[in-house]
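In what follows, a single structure is set out as structure tokens and then discussed.
Please read all numbers here as calculations on a predicted model, not as lab measurements. Counting from 1, the numbers follow the sequence of the chain as shown.
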Amino acid sequence: MKILVLGASGRTGSIFTRKALEEGHMVTAYVRNPDKTVELLGEHQNLMIVPGALNDAERLATISSGQDVMVSILGQKATVREFLSTTFMQKRLPLIMDSVVGAGVKHCVIMSAYGVGDTLRSASFFMRVGCKIMMRSIFTDRAKADAMVAKYQPYISRVHPGLLTDKPGKGGVKVFDVASVARVPGIPMIAREDVADALLSIAGNPLNAGTDFLVTIDDVVLRAT
């Protein structure tokens with residue numbers, strides 16, 4: 001599988017990239033700082049590191065051509081400014097989708113977060129409080145960005161993990177169609193390593209395009225069929 005990765009030098013993105021390479025996939029990492037990425041990931045025969053900016057539509061489209069799937073693991077830095085007000089994803093996601101889908105990529109996996117948009121409906125009281133107060137700016141930005149690329153929904157798999165941790169993965173990650181989840185108890189937490197496994201699994205099946213997923217290691221309450 002040929003995978004274009006955005007955010008390959010991030011904490012979750014670097015784990016995902018290493019796992020993809022270990023499984024024998026061809027990975028193209030489109031990054032702002034190639035030196036940092038080489039230092040972080042090292043060199044690999046199946047890894048191509050391409051420098052570029054997310055607002056360079058032409059370059060992004062060129063590098064997207066021939067890819068089987070695009071995986072975006074972009075995120076904001078945890079600064080006071082970002083928590084107060086941000087339009088990070090609103091400025092980037094529409095251009096990314098225009099460029100990538102326009103180049104012929106039919107499956108785009110985008111890491112979001114549990115609590116963004118309609119996923120908040122199944123959250124516990126304490127999770128709702130955290131999302132609406134502490135994460136309000138970042139989650140609102142993501143929800144608005146999602147609305148801006150609604151026309152590309154048939155090509156998108158959004159992945160909604162709980163609160164990310166840097167602890168070792170526990171394995172046994174569970175992936176649910178968001179529409180099937182009625183309630184998620186407590187405040188779900190999950191290791192980045194487990195999320196990377198889920199991202200790779202979802203990216204590996206083009207039939208997942210068009211579906212939003214909850215990723216967790218905890219039990220959830222499913223809707224009655």
Give a yes or no on whether the backbone of S85 and the side-chain of S137 come within a donor-acceptor separation of less than 3.5 Å. yes
Can V71 and L4 be said to form a side-chain contact (heavy atoms from CB on, under 4.5 Å), step by step? CA-CA 6 Å; V71 180; L4 170 63; over 6 Å; no
Look only at the side chain of T37 and the backbone of N33, and say whether a donor-acceptor pair between them is shorter than 3.5 Å. yes
Cluster overlap L200 with I217, hydrophobic side-chain contacts below 4.5 Å: yes
Can you find a heavy atom in the side chain of T28 that is under 4.5 Å from one in the side chain of V50? yes
Compare all side-chain heavy atoms of Y30 with those of V5 and state whether any distance is below 4.5 angstrom. no
In this structure, would V220 and F126 fall into the same cluster of hydrophobic residues linked by side-chain contacts under 4.5 Å? yes
What heavy-atom pair brings R59 and G52 nearest, and what distance separates the two atoms? NE-CA, 4.0 Å
Here the pair of heavy atoms bringing V173 nearest to D194 is CG2-O, 3.9 Å
So do D177 and D212 actually touch side chain to side chain, heavy atoms under 4.5 Å? no
Working note: E22 + N46, criterion side-chain contact (heavy atoms from CB on, under 4.5 Å); need CA distance, chi angles, decisive distance, verdict. CA-CA 10 Å; E22 289 170 1; N46 288 347; over 6 Å; no
Measure the CD1-OG distance between I138 and S112 for me, rounded to the nearest 0.5 Å. 11.5 Å
OG1/T87 to CG/D141 distance, rounded to the nearest 0.5 angstrom? 6.0 Å
Scanning both residues in full, the closest heavy-atom pair of T119 with V116 reads OG1-O, 2.7 Å
Please check if atom OH in Y152 has more than 12 non-hydrogen atoms from other residues, nucleotides or ligands closer than 6.0 Å. yes
To the nearest 0.5 Å, atom CG of D68 lies from atom CD1 of I3 at 8.0 Å
Whether D219 and K174 form a salt bridge (side-chain N of Lys/Arg under 4.0 Å from carboxylate O of Asp/Glu) is what I want to check. yes
Using a 4.5 Å cut-off on heavy atoms from C-beta on, say whether the side chain of T216 contacts that of P161. no
Rounded to the nearest 0.5 Å, how far apart are CD1 of I187 and CG of D218? 11.5 Å
Close side-chain approach of K144 to D146, heavy-atom, < 4.5 Å: no
Are M70 and M97 packed together at the side-chain level, in the sense that at least one heavy-atom pair is separated by less than 4.5 angstrom? yes
For residues A198 and V175, report the shortest heavy-atom separation together with the two atoms involved. CB-CG2, 4.0 Å
Check whether any side-chain heavy atom of R192 lies under 4.5 Å from a side-chain heavy atom of T165, and answer yes or no. no
Can a donor-acceptor pair be found between the side chains of S122 and Y114 at a distance below 3.5 Å? yes
Starting from I190, can I reach F139 by hopping between I/L/V/M/F/W/Y residues whose side chains sit under 4.5 Å apart? no
How far apart are the closest heavy atoms of R128 and A123, and which atoms are they? NE-O, 3.2 Å
Out of curiosity, K2 NZ to M48 CE, how far, rounded to the nearest 0.5 Å? 9.5 Å
I would like to know whether R183 and S124 meet side-chain contact (heavy atoms from CB on, under 4.5 Å); could you show each step before the answer? CA-CA 7 Å; R183 184 169 59 85; S124 67; over 6 Å; no
Enter the distance from T17:OG1 to I73:CD1 here, rounded to the nearest 0.5 Å. 6.0 Å
Closest non-hydrogen contact found for P206 with H107 is CA-ND1, 3.7 Å
Given 3.5 Å as the limit, does a donor-acceptor pair link the side chain of S14 with the main chain of R11, or not? yes
Spell out, yes or no, whether V109 and V31 are grouped together once hydrophobic residues are joined by side-chain heavy atoms under 4.5 Å, including indirect joins. yes
May I ask you to test the M111-V195 pair for a side-chain heavy-atom distance under 4.5 Å? yes
Sub-3.5 Å donor-acceptor pair from the side chain of H160 to the main-chain atoms of F213, do we have one? no
Decide yes or no on side-chain contact (heavy atoms from CB on, under 4.5 Å) for L54 and L6, but give the supporting numbers first. CA-CA 9 Å; L54 291 175; L6 308 182; 4.3 Å; yes
Flag yes if F16 and L47 sit in one hydrophobic cluster, no otherwise; membership is Ile, Leu, Val, Met, Phe, Trp, Tyr, and two members link when side-chain heavy atoms are under 4.5 Å apart. yes
Any salt bridge linking E193 with K170? Criterion: basic side-chain nitrogen under 4.0 Å from a carboxylate oxygen. no
